[in-house]
Amino acid sequence: MTYRDVPAKIDLSAMEHEVLDFWADNDIFHKSLERTRDGEPWIFFEGPPTANGMPGTHHVEARVFKDIFPRYRTMKGYHVPRKAGWDCHGLPVELAVEKELGFSGKQDIEKFGIAQFNDKCRESVLRHVGEFSNMTQRMGYWVDMDQAYWTMDASYVDSVWWSLKRIFDKGLLVQDHRVSPYCPRCGTGLSDHELAQGYEDVVDASVYVRFPVTGGPLLEQFPGLALVVWTTTPWTLVSNTAAAVHPELEYVVARTSAGEVLMVAADLREAVLGEDSVVVHSVIGRDLEGTPYQRPFTWIEFPQTDAPVNTVLLADFVTAQDGTGIVHEAPAFGADDLTLCRSYGLPVVNPVRADGTFMPEVQEVGGLFFKSADPVIVGLLEERGLLFRHLPYEHAYPHCWRCHTALIYYAQPSWYIRTTAIKDQLIAQNEATNWFPETIKWGRYGDWLNNNVDWALSRNRFWGTPLPIWRCEEGHLTCVGGRRELAALAGDEALTMDPHRPYVDDVTFPCPTCSQTATRVPEVIDCWFDSGAMPFAQLGYPESNKELFEKSYPADFICEAIDQTRGWFYTLMAIGTLVFDESSYKNVLCLGHILDEDGRKMSKHLGNVLEPIALMDEHGADAVRWFMLAGGSPWQARRVGHTTIAEVVRKTLLTYWNTVAFQSLYARAGNWDPATASLTNLTDLDRWAVSQATRLARDVDNALEQFDTQRAGRLIADYVDDLSNWYVRRSRRRFWDADNAALSTLHHCLKVVTQVMAPFTPFITERVWQDLFAGNDVASVHLTSWPEWNDAGIDDTLRDQVELTRRIVELGRAARATSGVKTRQPLGRALVAASGWDQLPEGLQAQIRDEVNVESLESLSGTDELVDVSLKANFKALGARFAARTPLVAQSISAADARELVTSLRQGSAVVIVEGAPETITIDDVVITEMPREGWTVASADGESLALDLTLTPDLIGQGIARDATRLIQDARKTSGFDISDRITVTWFSGSYETVEALTKHGESIATEVLATQWSQSPIAEATFFDEDLDLSIVISKN
RNA sequence: GGGCCUAUAGCUCAGCUUGGUUAGAGCGCUUCCCUGAUAAGGAAGAGGUCGAUGGUUCAAGUCCAUCUAGGCCCA
């Protein structure tokens, strides 16, 4: 049994498709779950993507992270069930369908029929789920899509109803009238977390408007006095009800250069009225209460009331930050306004209809969309001499997160969950949650909790979980906790009904309190509640899976991008706390966003969206995965583009693959059976590679434990590089001879690296597993256990020695480069000055000789006549002891005679004079650098040096020629496309005396090296290969 | 206006937790070297006021403060 043939070149994408087939045919995912069935559970909750559009590359990002940790935990022996989920309800789906059908609002839907419309929504969801499934499968995200939960399933709705009833029973689900952001286009209110997604920068008119004072003592004193009021929503002036000032702020009456008397907050006078305005009176806000003024438009009549309509009110929310310090109040269109006006008993007048247009009977602006009324209003203000100033004002204004219509703050009846009642509990739950990165916990998310407002739950829409509240004519409310309960009240048909609109709308029953007929309220709920209910609703709890649920709550791990802080992260925690008094997750990984190559957010509008399947088919899913996991910090926004991903392939994946291909090539050439692999008779370098593999298994384990894929990725990439560019490079010859220790070592190391890489890049590692390991081992790398490690198997001394070896080699190469003597030309000796080099094992010293191509290494120390010694202070060591005097000590050290000082230090310690006083220093307080004197080629770094003796003897020159010739023949073999084990015939000819001499002398060893069975010197008519410098022609042929 | 994050080479990013005197890597560029797996690898070079200012310290890319710019989130 030997390895499979591993081609040097690989089409990653084609390979991945083969691997996908292998997994499917052998059901590897389910086998991995089966294998860990008795393991400790590690609970993962899948945040359901909304099935309302095509998946994007940002979906791949989150899903890569959702995949790697379950895979890793599975290898560690945990049982990690992974149930897929699809978020089916909600406005986005409705909007997509509306667009498809060419609808422009709710009326169209009602005309079309709710049942038919919802059928279309269901179809749309199914279609998009198909797209998500394809992408999920292609990227190798192992999640159980056959058992997926769908938030539109009847059993799911049952669970959601059950939880709503628990909340209702606690008195936390209530109806209230409140101003909330409202989309006139979609005809629905938006929750705060929806609002969060839709701010757009717009330029609005900002106007400073005169409100002429019509009474009070100030008017008598200053005839013509007017309040100056600032607003960015001129259209709300139509329903102006009052003006508000802060009770503690100072206000002034000022005369402008034009001679007007106007009132503003004292701090804003200059900004609003100009530097040349003159204060003529000052008053504290409190004293302005009740001052009457003339409102700008009188098109709307107020109902008869004793309340102080169109007077100055006092409000704490007024500031002198911007505007004028006097705030225009329109209670129908502002939350603060409504609260304030209500407290004064003022009426709420609302001339704007649900579709966002002014009532037709309103003068001038009747029928206009509210925003379109702005220019009309501004024109009229101007005409009437009420406009003090008019400026374009750029600010972020909330827009509907899907249809981009400007939202209107609008008073309407709505159902709320009183999350403010459990705020302290939420904060305590957050305290117990581990956030990665940690800053989110106290920053962004903590802030959100601290500023918690009640959750506006209801939506006046069609495709959603119906709010399970029935109301009778007497106004009694019944919250129904599932279809079974509904059947008990309304009859058995309810048991099997589709619990969506319009069917559920037709169900009535006698009110349990008064027996009057109860009908369902018309609203559906915010789809964020659906997804937040997934911990129990995915299992149909409590109707079914009671035990399973109790074992799988809360989750050990959830992961989404940062935009979910106010979305799913919040609803999940809030619902968990509301229903079970405990948050539903313990660890949460919060990812940064994926940006395009120019650092812009990917969006359809900008046309910079990377289509995920195309991306994966071009570069390979593994490459995309590796980029997401290891290319930069997961919790930071990152740029992604083709060049970055292509680099991943070249640097990491292909280096790994080539090492595998190398192992396979020589193992097969040598008929090596991996079953005979044994880590005995290892060289120092072998032991190093094995020890480093063990270190890798340990360090990647620890990094993944802390959700740090970037660190883990760097460790893997570094090890792959070490293996390929140091271990293999230095061990090549042993592979040519099918050396068992070398093949066993690389076999072992590749196995470890394949396993620790498997959660990152499941495809290529699976392929490698099949090629090298499956024959004698487990059928799939994803069914293996994490490689075992213990600290005893990790040799730090050896690591340090190899690092020193590599540093010296590096110096050798640098010296070679500056010497101008190319590396193929052997040199007699190199002189080394580096602490500990002479204690290096002979095997490692041989590596240095070989790599630098010198016959011997000698110590540079002690050859005083050849070497200059210099030293400088080790500030870290000195600083600890001498603190403020450190620079003085350093000065003394550099002033002292270097050679004497070093001699003394090498014998133990030395004394330097600092400010006339002696100070004892040791060898650790300095960095010694030894430099050869003139005439040597030397390289030096960090106190370590290597010098080359450039003396060339005829013998060395001959060896150099032999090596050049070898190189020429090897190159010829390769160009001719010979196999590495082909035996050849070489005929050579040269007109150079030196070349003939060298090739004659070294002929036998060259022939062995190049696998030549025939080696002859003879004139050549037509040379196939020729080297000008050597004047050497050769002809080779396969035997 | 508030909160959080970010700012290091032409580009993409490490390093900052724990301060130490020549600030690193990759990509790209120039020259050279090595090559019996490699679309690889190595050496040298060009390219940095580590966003700015101030402070703490013997010593600041690293700690503190303020500011500037960008991003995200919220008002």
Side-chain angles (χ1 to χ4, degrees), chain A residues 6 8-10 192 195-197 199 319 321-322 395-396 398 437 439-440 442-448 450-451 561-563 565-566 592-593 595 597 599-601 631-633 635-641 643-644 646-651 654-666 669 710-711 714 717-718 721 724-726 728-729 732-733 735-736 809-818 820-824 851 853 872-880 882-890 927 939 941-942 966-967 969-971 973-974 978-982 1009-1011:
Chain A
V6 177
K9 291 188 200 311
I10 182 171
D192 290 279
L195 187 68
Q197 325 215 352
Y199 276 82
T319 69
Q321 302 278 349
D322 47 24
H395 64 149
T439 51
I440 307 281
W442 304 117
R444 193 174 282 219
Y445 190 73
D447 278 353
W448 165 250
N450 280 321
N451 298 312
I562 192 161
D563 53 292
T565 33
R566 285 139 212 260
H593 279 125
L595 307 173
E597 276 182 307
R600 295 172 307 175
K601 205 168 165 173
S633 173
W635 26 79
Q636 219 160 291
R638 285 175 295 161
R639 303 177 178 200
V640 60
T643 39
T644 346
E647 198 179 314
V648 166
V649 172
R650 263 208 343 271
K651 296 294 301 175
L654 290 184
T655 307
Y656 166 67
W657 179 260
N658 285 322
T659 312
V660 169
F662 176 88
Q663 169 79 352
S664 170
L665 183 63
Y666 288 101
Q710 185 188 22
R711 198 172 96 224
R714 198 175 57 229
D718 286 351
D721 187 68
S724 169
N725 290 318
W726 186 252
V728 170
R729 175 189 169 83
R732 270 188 192 130
R733 272 158 203 277
F735 286 88
W736 303 348
V809 165
E810 206 172 302
L811 292 171
R813 287 173 181 154
R816 277 280 181 177
T818 47
V821 181
K822 60 188 177 183
T823 312
R824 271 203 299 274
E851 196 68 15
N853 200 12
K872 62 181 178 181
N874 177 351
F875 279 85
K876 192 165 188 173
L878 293 175
F882 295 103
R885 294 168 61 228
T886 306
L888 296 170
V889 180
V927 179
D942 296 325
T966 307
R967 160 81 191 129
I969 299 166
Q970 298 291 26
D971 194 46
R973 283 185 62 116
K974 198 172 179 181
F978 294 176
D979 188 81
I980 49 139
S981 55
D982 287 337
E1009 184 90 2
V1010 302
L1011 301 182

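Just so we're on the same page: letters track the sequence lines, and every chain starts at 1.
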If you round to the nearest 0.5 Å, how far is CG of A:L878 from CZ of A:R885? 11.0 Å
Distance in Å, A:L654 CG paired with A:K9 NZ, rounded so as to fall on 0.5 Å steps: 9.5 Å
Rounded to whole angstrom, note down the [atom1] distance from [N] over to [M].
| N | M | atom1 | result |
| --- | --- | --- | --- |
| B:G26 | B:A65 | C1' | 35 Å |
| B:G51 | B:U68 | C1' | 8 Å |
| B:C50 | B:C33 | C1' | 33 Å |
| B:U57 | B:G70 | C1' | 32 Å |
| B:U6 | B:C67 | C1' | 16 Å |
| B:A14 | B:C27 | C1' | 15 Å |
| B:A46 | B:A37 | P | 34 Å |
| B:A9 | B:G48 | C1' | 6 Å |

Check whether any side-chain nitrogen or oxygen of [X] sits under 4.0 Å from OP1 or OP2 of [N], and answer yes or no.
| X | N | result |
| --- | --- | --- |
| A:R824 | B:C34 | yes |
| A:R732 | B:A37 | yes |
| A:R967 | B:G36 | yes |

Side-chain ([X]) to main-chain ([Y]) donor-acceptor, under 3.5 angstrom:
| X | Y | answer |
| --- | --- | --- |
| A:R816 | A:V821 | yes |
| A:R566 | A:Y445 | no |
| A:R967 | A:R824 | no |
| A:T886 | A:A883 | yes |

Within the structure shown, what part of the strands sits under 4.0 Å from [X] by heavy-atom distance: base, sugar-phosphate, or nothing?
| X | answer |
| --- | --- |
| A:V728 | base |
| A:K974 | sugar-phosphate |
| A:I10 | base |
| A:A883 | base |
| A:R885 | nothing |
| A:S664 | nothing |
| A:E810 | sugar-phosphate |

Kindly indicate whether the side chain of A:S724 and the base of B:A37 share any N or O donor-acceptor pair separated by less than 3.5 Å? yes
Under 5.5 Å and under 30°: A:Y666 stacked on B:A37: no
Both A:P887 and A:F662 contact RNA chain B. Taking the nearest nucleotide for each, which residue is further toward the 5' end? A:F662
How many whole angstroms separate atom [atom1] of [X] from atom [atom2] of [N]?
| X | N | atom1 | atom2 | value |
| --- | --- | --- | --- | --- |
| A:Q663 | B:A37 | CD | C1' | 11 Å |
| A:D721 | B:U38 | CG | C1' | 12 Å |
| A:D718 | B:G26 | CG | P | 11 Å |
| A:N658 | B:A37 | CG | P | 11 Å |

Pairing string of RNA chain B (Watson-Crick or G-U wobble, both atom distances under 3.5 Å; | = paired to other strand) is (((((((..((((......[...)))).(((((.......))))).....(((((..]....)))))))))))).
Please assess A:V6 against A:W657 for the test side-chain contact (heavy atoms from CB on, under 4.5 Å), listing each intermediate value before the final yes or no. CA-CA 9 Å; A:V6 177; A:W657 179 260; 3.4 Å; yes
